[in-house]
Amino acid sequence: QVRLVESGGGLVQAGGSLRLSCAASGRTFSSYAMGWFRQAPGKEREFVSAIPWIGGSTYYADSVKGRFTISRDNAKNTVYLQMNSLKPEDTAVYYCAADFRGYGSSRLNEYDHWGQGTQVTVSS
């Protein structure tokens, strides 16, 4: 079982930056692909970024490519999402998720464990 806790959300002006963190419990963090998803009011949850459990690949939604960077620190059981050049349309609740021995899928149903989410609000 993996418990995920996100942090780092907040209110920022357009063009600003935030770094989200997702801390995982358990000793098998390195065996999980980690993903970030977001859900804006009235919209479905959507894929943002993912990093596999093995290898150096990273994956991004087209809407955030070039602005967001995902990384992981297995020694700290933490995955990060650095968000730069934020736009009002990035406003959402951001969730991290874990997929055992996954390869960084963009599909929600591939992920077995979810955090409670952290609010990101970007003002214009």
Side-chain angles (χ1 to χ4, degrees):
Q1 190 73 9
V2 175
R3 180 170 178 264
L4 305 174
V5 179
E6 302 96 335
S7 61
L11 173 64
V12 64
Q13 288 188 330
S17 298
L18 284 173
R19 188 176 80 154
L20 304 183
S21 299
C22 174
S25 64
R27 293 179 287 181
T28 58
F29 175 76
S30 61
S31 297
Y32 285 83
M34 299 300 297
W36 285 98
F37 294 80
R38 67 186 182 186
Q39 188 166 17
K43 295 188 176 181
E44 294 186 350
R45 196 170 296 189
E46 65 176 7
F47 170 75
V48 175
S49 183
I51 187 166
W53 77 283
I54 194 169
S57 300
T58 55
Y59 304 98
Y60 299 94
D62 288 343
S63 59
V64 306
K65 203 170 291 183
R67 300 188 297 122
F68 290 11
T69 303
I70 190 172
S71 61
R72 66 188 300 161
D73 185 338
N74 289 340
K76 295 183 178 180
N77 280 14
T78 302
V79 62
Y80 304 97
L81 186 67
Q82 178 67 44
M83 305 187 297
N84 298 329
S85 303
L86 282 161
K87 304 175 181 180
E89 50 264 45
D90 294 318
T91 295
V93 177
Y94 283 71
Y95 298 90
C96 72
D99 174 18
F100 183 68
R101 293 193 174 179
Y103 289 92
S105 173
S106 62
R107 294 188 291 187
L108 278 72
N109 60 6
E110 296 286 340
Y111 291 82
D112 308 304
H113 308 282
W114 292 82
Q116 84 290 347
T118 186
Q119 176 70 47
V120 171
T121 303
V122 184
S123 64
S124 56

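Hydrophobic cluster membership differs between Leu11 and Leu18, with clusters built from Ile, Leu, Val, Met, Phe, Trp and Tyr side chains linked at under 4.5 angstrom. At a threshold of 4.5 Å between side-chain heavy atoms, the hydrophobic network of Ile, Leu, Val, Met, Phe, Trp and Tyr places Val2 and Tyr95 in two separate groups. In terms of hydrophobic clustering, with Ile, Leu, Val, Met, Phe, Trp and Tyr side chains grouped at heavy-atom distances under 4.5 Å, Trp53 and Leu81 are assigned to different clusters. Taken together through direct or relayed side-chain contacts under 4.5 Å among Ile, Leu, Val, Met, Phe, Trp and Tyr, Tyr94 and Leu108 form parts of separate hydrophobic clusters.
Classification of Asp90 and Lys87 as a salt-bridged pair fails, no side-chain N sitting under 4.0 Å from a carboxylate O.
Of the possible donor and acceptor atoms, one in the side chain of Ser49 sits under 3.5 Å from a partner among the backbone N and O of Tyr59. Here the side chain of Ser25 pairs a donor or acceptor atom with the backbone of Arg3 at under 3.5 angstrom. Not a single donor-acceptor pair under 3.5 Å links the side chain of Gln39 to the backbone N or O of Val93. Remark: the backbone N or O of Cys96 is paired with a side-chain donor or acceptor of Glu6 at under 3.5 angstrom. Looking at Gln13, its side chain never comes within 3.5 Å of a backbone N or O of Ser124 through a donor-acceptor pair.
Side-chain contact check for Leu4 versus Met34: some heavy-atom pair is nearer than 4.5 Å. Two residues are said to be in side-chain contact when any heavy atoms from C-beta on lie closer than 4.5 Å; Val48 and Tyr60 fail this criterion.
Note that CZ of Phe29 is 8.0 Å distant from CG of Asp73, once rounded to the nearest 0.5 Å. For the atom pair CD1 (Ile70) and CD (Gln82), the distance works out to 12.0 Å, reported to the nearest 0.5 Å. Here the straight-line distance linking atom CG of Leu20 with atom OG1 of Thr78 works out to 12.5 Å at 0.5 Å rounding. Once rounded to the nearest 0.5 Å, the distance linking CG of Asn84 with OG1 of Thr69 reads 6.5 Å. Interatomic distance, OG of Ser71 versus CD1 of Ile51, reported as 6.5 Å (0.5 Å rounding). Atom OG in Ser57 sits 11.0 Å away from atom OH in Tyr103 (nearest 0.5 Å).
Listed here is the closest heavy atom pair of Ala33 and Gly104: CB-N, 3.8 Å. Taking all atoms of both residues into account, the shortest heavy-atom contact from Asn74 to Ser30 is ND2-CB, 3.6 Å. Taking both residues in full, the closest heavy atoms of Ser105 and Arg107 are given as OG-N, 2.9 Å, listed atom of the first, atom of the second, then distance. The shortest heavy-atom contact between Ala92 and Ala40 is CB-N, 3.8 Å.
Counting only residues at least two apart or on different chains, the salt bridge (Lys or Arg N to Asp or Glu O under 4.0 Å) pairs with a member in residues 44-61 are Arg38-Glu46.
With a 6.0 Å cutoff to the six-membered ring centre and a 45° limit on the axis angle, Arg72 does not count as a cation-pi contact of Tyr80.
Within 6.0 Å of NZ in Lys43 there are 12 or fewer heavy atoms belonging to other residues, nucleotides or ligands.
Residues satisfying the ring pair (Phe, Tyr, Trp, His ring centres under 6.0 Å) test with Phe37, not counting sequence neighbours, are Phe47, Tyr111, Trp114.
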